[in-house]
Amino acid sequence: QLKVVESGGGSAESGGSLRLSCTVSGPQSTRYGIGWFRQAPGKEREAVSCISRNGGMTNYADSVKGRFTISKDTAKNTVYLQMNSLKPEDSATYYCAARNLILTAPFICEARTSDVWGQGTQVTVSS
C-alpha cells in the first residue's frame, strides 16, 4: 500500500523559512507526482505547488510564487517545499498528495479524492 508522509512543519517568524518534506513509499512509488496543498481553519483546501513525476514540470499558486520552491530528490523519492519569506497568511496545515502519472505528464495542481494523501504537517507563522 502506498504511504505518503510529510515532515518539517513548525513555527517561524514572519520573513523566516521552513522546509517541508514529503516521502512516498510502497509499490511503484516512483510513478507518482506530488502536490502540496494547505488548509487554514475555516478555509477551503488550496493548492500551493505541484511537481511532475520526473520533477521536470512544476507550478505554483500566485500567492507563493517567488517565495516557495518545490524540488524532488529522485534517489530518496522525496519532494521538498522550501518556504522562504514566510507570511502569517501562510499558516495552515500542509498536506502532500501523490498521484500516479505517466512520465511526461504534469501534475494538474488541484486536489482530487483519488490522490493518496498524507496526514498533514502544521505550519505557523507569527507576525
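Values below: every heavy atom of this structure, side chains too, minus hydrogens, waters and symmetry copies. For this chain, numbers begin at 1 and follow the sequence in order. Since this is a predicted model, take the numbers as computed values, not measurements.
Around the CD atom of Q119, the shell of radius 6.0 Å holds more than 12 heavy atoms that belong to other residues, nucleotides or ligands. Surrounding CD of Q122 are more than 12 heavy atoms belonging to other residues, nucleotides or ligands, all under 6.0 Å away.
For D115, the salt bridge (charged side-chain N to carboxylate O under 4.0 Å, His left out) partners are R99, not counting sequence neighbours. Here E110 pairs with R112 under the salt bridge (charged side-chain N to carboxylate O under 4.0 Å, His left out) rule; sequence neighbours left out.
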side-chain contact (heavy atoms from CB on, under 4.5 Å) between N77 and Y32, intermediate numbers included: CA-CA 9 Å; N77 213 28; Y32 288 77; over 6 Å; no

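Heavy atoms only, all atoms of each residue included: N84 and S17 are closest at OD1-OG, 2.9 Å. Here the shortest heavy-atom pairing between S126 and P88 reads C-CG, 4.5 Å. R53 and R31 get closest at one heavy-atom pair: CD-O, 3.4 Å. Minimum interatomic distance between L2 and A98 (heavy atoms only, all atoms of both residues): CD2-CB, 4.1 Å. When all heavy atoms of A97 and F37 are compared, the pair lying nearest together is CB-CE1, 3.9 Å. Across A47 and C109, no two heavy atoms sit closer than the pair CB-O, 3.4 Å.
Note on F68: it clusters hydrophobically with V123, by side-chain heavy-atom contacts below 4.5 Å among ILVMFWY residues. Note: the hydrophobic cluster containing I51 also contains V116 (ILVMFWY, side chain heavy atoms under 4.5 Å, direct or indirect links). Hydrophobic clustering (side-chain heavy atoms under 4.5 Å, transitive across Ile, Leu, Val, Met, Phe, Trp, Tyr) keeps I108 apart from V4. Cluster membership for Y60 and M83, using ILVMFWY side-chain heavy atoms within less than 4.5 angstrom, is shared. Linking Ile, Leu, Val, Met, Phe, Trp and Tyr residues whenever their side-chain heavy atoms come within less than 4.5 Å places Y94 and V24 in a single cluster.
Without hydrogens or angle criteria, S49 side chain to N59 main chain gives a donor-acceptor distance under 3.5 Å.
Between atom CD of residue E13 and atom OG of residue S127 there is a gap of 9.5 Å, rounded to the nearest 0.5 Å. Between the CG atom in L103 and the OG atom in S52 there is a gap of 8.0 Å [rounded to 0.5 Å]. Atoms CD1 and CD1, from I70 and I34 in turn, are 8.0 Å apart once rounded to the nearest 0.5 Å. Between the CG atom of N54 and the CG atom of L101 there is a distance of 9.5 Å, given to the nearest 0.5 Å.
Of the residues L81, D90, T121, the one that meets the side-chain contact (heavy atoms from CB on, under 4.5 Å) test with R38 is D90.
Within the structure, the disulfide bond (SG atoms under 2.5 Å apart) test picks out the following pairs touching residues 4-38 (sequence neighbours left out): C22-C96.
Y80 carries R19 over the face of its six-membered ring, with the cationic atom under 6.0 Å from the centre and within 45° of the normal.
Defined by atom type and a distance below 3.5 Å, a donor-acceptor pair is missing between the side-chain atoms of S91 and T124.
Below 30°, between 30° and 60°, or above 60°: for Y95 and W117 the angle between ring planes is above 60°, a perpendicular geometry.
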